[in-house]
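Just so we're clear, the structure is a prediction, and the values are computed from it rather than from any experiment.
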Amino acid sequence: MAVPPSAPLPCSPFYLRRQAPCPQCSWGMEEKAAAGAGCREPPGPPRAAAVPCFGISVDQDDILPGALRLIRELRPHWKPQQVRTKRFTDGITNKLVACYVEEDMRDCVLVRVYGERTELLVDRESEVRNFQLLRAHGCAPKLYCTFQNGLCYEYMRGMALGPEHIREPRLFSLSADVPEVEVLERELAWLKEHLPQLDSPVVFCHNDLLCKNIIYDSTKGHVRFIDYEYAGYNYQAFDIGNHFNEFAALNLGSLPSCPRCAGVNEVDYCRYPARETQLQWLRYYLQAQKGMAVTPREVERLYVQVNKFALASHFFWALWALIQSQFSTIDFNFLRYAVIRFNQYFKVKPQVSALEMPK
């Protein structure tokens with residue numbers, strides 16, 4: 001992948017104060033340039049922005065003084081007495097210290113000092129170039145600067161994994177089979193363009209009519225709905241299409257703390273109601289709504305609306321599951337559920353898109 005070309009940034013004044021070249025940075029100070037007037041451009045793809053290079057060497061056995069000297073350059077607005085540090089000890093080659101002033105480590109700067117003579121094994125110029133390339137594509141943190149025996153970069157929030165974590169399917173399949181963001185944006189635009197054209201009326205909807213949210217009282221012969229956290233105004237056809245999608249849920253298990261997870265441990269979309277079942281259901285629905293008999297054309301019209309809006313139901317709950325996979329503490333494979341809903345969306349979209357409203 002190539003980085004979009006960009007003009008090299010001019011060197012800022014602090015470059016002019018540095019006379020010593022930085023051997024780790026291929027676009028560091030020119031050794032023979034008058035007053036260090038320029039930075040060399042590295043071979044290969046052009047970078048997104050110039051990286052400051054300081055002629056500072058940090059003592060591996062006493063990192064803090066050198067780290068704080070770098071911080072004075074990178075964060076001159078920080079008050080020295082307020083700078084806090086934290087050593088990381090997981091590495092076996094390099095030494096790493098975090099410098100920050102906020103309790104939550106916002107705007108934290110990581111100072112990494114290369115291990116002694118590691119340049120015999122590691123091409124540090126390529127490392128910096130790759131760092132910049134990955135950053136330009138959103139795959140790496142910000143690189144703040146290089147110095148004679150290391151570099152400073154952005155702290156990335158999160159947990160460093162251990163051997164017990166990398167065996168978890170929810171981690172090593174984090175983005176497996178999930179469509180790219182660009183694809184999802186395109187599908188969302190398609191839904192927003194086509195579904196409103198169906199003229200489905202906007203009514204007050206439950207929006208989550210899975211089986212466990214429907215209570216049947218056999219003694220009184222009536223049905224009631226529970227759990228209204230997603231209730232609100234929506235297209236009528238969405239509520240029905242969403243309910244039809246729930247026909248696929250197999251009640252193989254239940255997680256009481258998450259009503260939406262109840263009965264969705266497995267799904268089988270062969271159980272999605274057939275056309276004949278839908279037409280019968282929709283006829284009863286329209287008759288109850290209108291209080292009179294309805295025409296086949298009215299039923300067919302709602303059938304087309306419902307099946308097209310069922311696509312939006314798949315899309316919505318797939319996105320919901322992606323968000324849950326990142327934040328929920330419930331023991332449920334939300335990522336797998338998202339993949340299932342996305343797969344079904346793309347599987348049925350061609351045939352559903354071909355449905356036409358009755359004349």
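Judged by distance alone, with hydrogens and angles left aside, the side-chain atoms of Tyr228 form a donor-acceptor pair with the main-chain N or O of Phe225 at under 3.5 Å. Judged by distance alone, with hydrogens and angles left aside, the side-chain atoms of His243 form no donor-acceptor pair with the main-chain N or O of Asp239 at under 3.5 Å. The main-chain N or O of Val348 is never found under 3.5 Å from a side-chain atom of His314 such that the two would form a donor-acceptor pair. A donor-acceptor pair under 3.5 Å is absent between the side-chain atoms of Glu154 and the main chain of Pro141, judged by distance alone.
Leu355 is connected to Leu286 through a chain of hydrophobic side-chain contacts under 4.5 Å among Ile, Leu, Val, Met, Phe, Trp and Tyr, so both are in one cluster.
Note on residues 299-314: pairs passing salt bridge (Lys or Arg N to Asp or Glu O under 4.0 Å), not counting sequence neighbours, are Arg275-Glu300. Listed by first and then second residue, the salt bridge (Lys or Arg N to Asp or Glu O under 4.0 Å) pairs that reach into residues 342-355 are Glu187-Lys349, sequence neighbours excluded.
Taking Ile, Leu, Val, Met, Phe, Trp and Tyr as members and joining any whose side-chain heavy atoms lie under 4.5 Å apart, directly or through other members, the hydrophobic cluster of Ile323 also contains Phe327. Taking a 4.5 Å side-chain heavy-atom cut-off between Ile, Leu, Val, Met, Phe, Trp and Tyr, the cluster of Ile215 extends to Ile226.
Every residue two or more places apart in sequence or in another chain that forms a salt bridge (charged side-chain N to carboxylate O under 4.0 Å, His left out) with Arg84 is listed here: Glu103. For Asp217, the side chain to side chain donor-acceptor pair (under 3.5 Å) criterion is met by Thr219, not counting sequence neighbours. In this view, Glu193 satisfies the salt bridge (charged side-chain N to carboxylate O under 4.0 Å, His left out) rule with no residue, not counting sequence neighbours. Residues satisfying the side chain to side chain donor-acceptor pair (under 3.5 Å) test with Asn307, not counting sequence neighbours, are Tyr272, Gln278. With sequence neighbours excluded, no residue satisfies salt bridge (charged side-chain N to carboxylate O under 4.0 Å, His left out) with Lys79. Residues forming a side chain to side chain donor-acceptor pair (under 3.5 Å) with Tyr100 (at least two apart in sequence, or on another chain): none. Residues forming a salt bridge (charged side-chain N to carboxylate O under 4.0 Å, His left out) with Arg75 (at least two apart in sequence, or on another chain): Asp107. Qualifying side chain to side chain donor-acceptor pair (under 3.5 Å) partners for Asp123, counting only residues two or more places apart in sequence or in other chains: Ser126.
Remark: of the listed residues Asn245, Ile340, Asn242, Asn242 is the sole one forming a side-chain contact (heavy atoms from CB on, under 4.5 Å) with Trp317.
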Practice item. Starting from the C-alpha separation in whole Å, work towards a yes-or-no answer on side chain to side chain donor-acceptor pair (under 3.5 Å) for Arg336 and Ser325. Key: CA-CA 9 Å; Arg336 178 174 177 270; Ser325 71; over 6 Å; no
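For Tyr153 and Tyr144, the gap between ring centers reaches or exceeds 6.0 Å.
Looking only at atom types and distance, the side chain of Gln236 has a donor-acceptor partner in the side chain of Tyr285 under 3.5 Å away.
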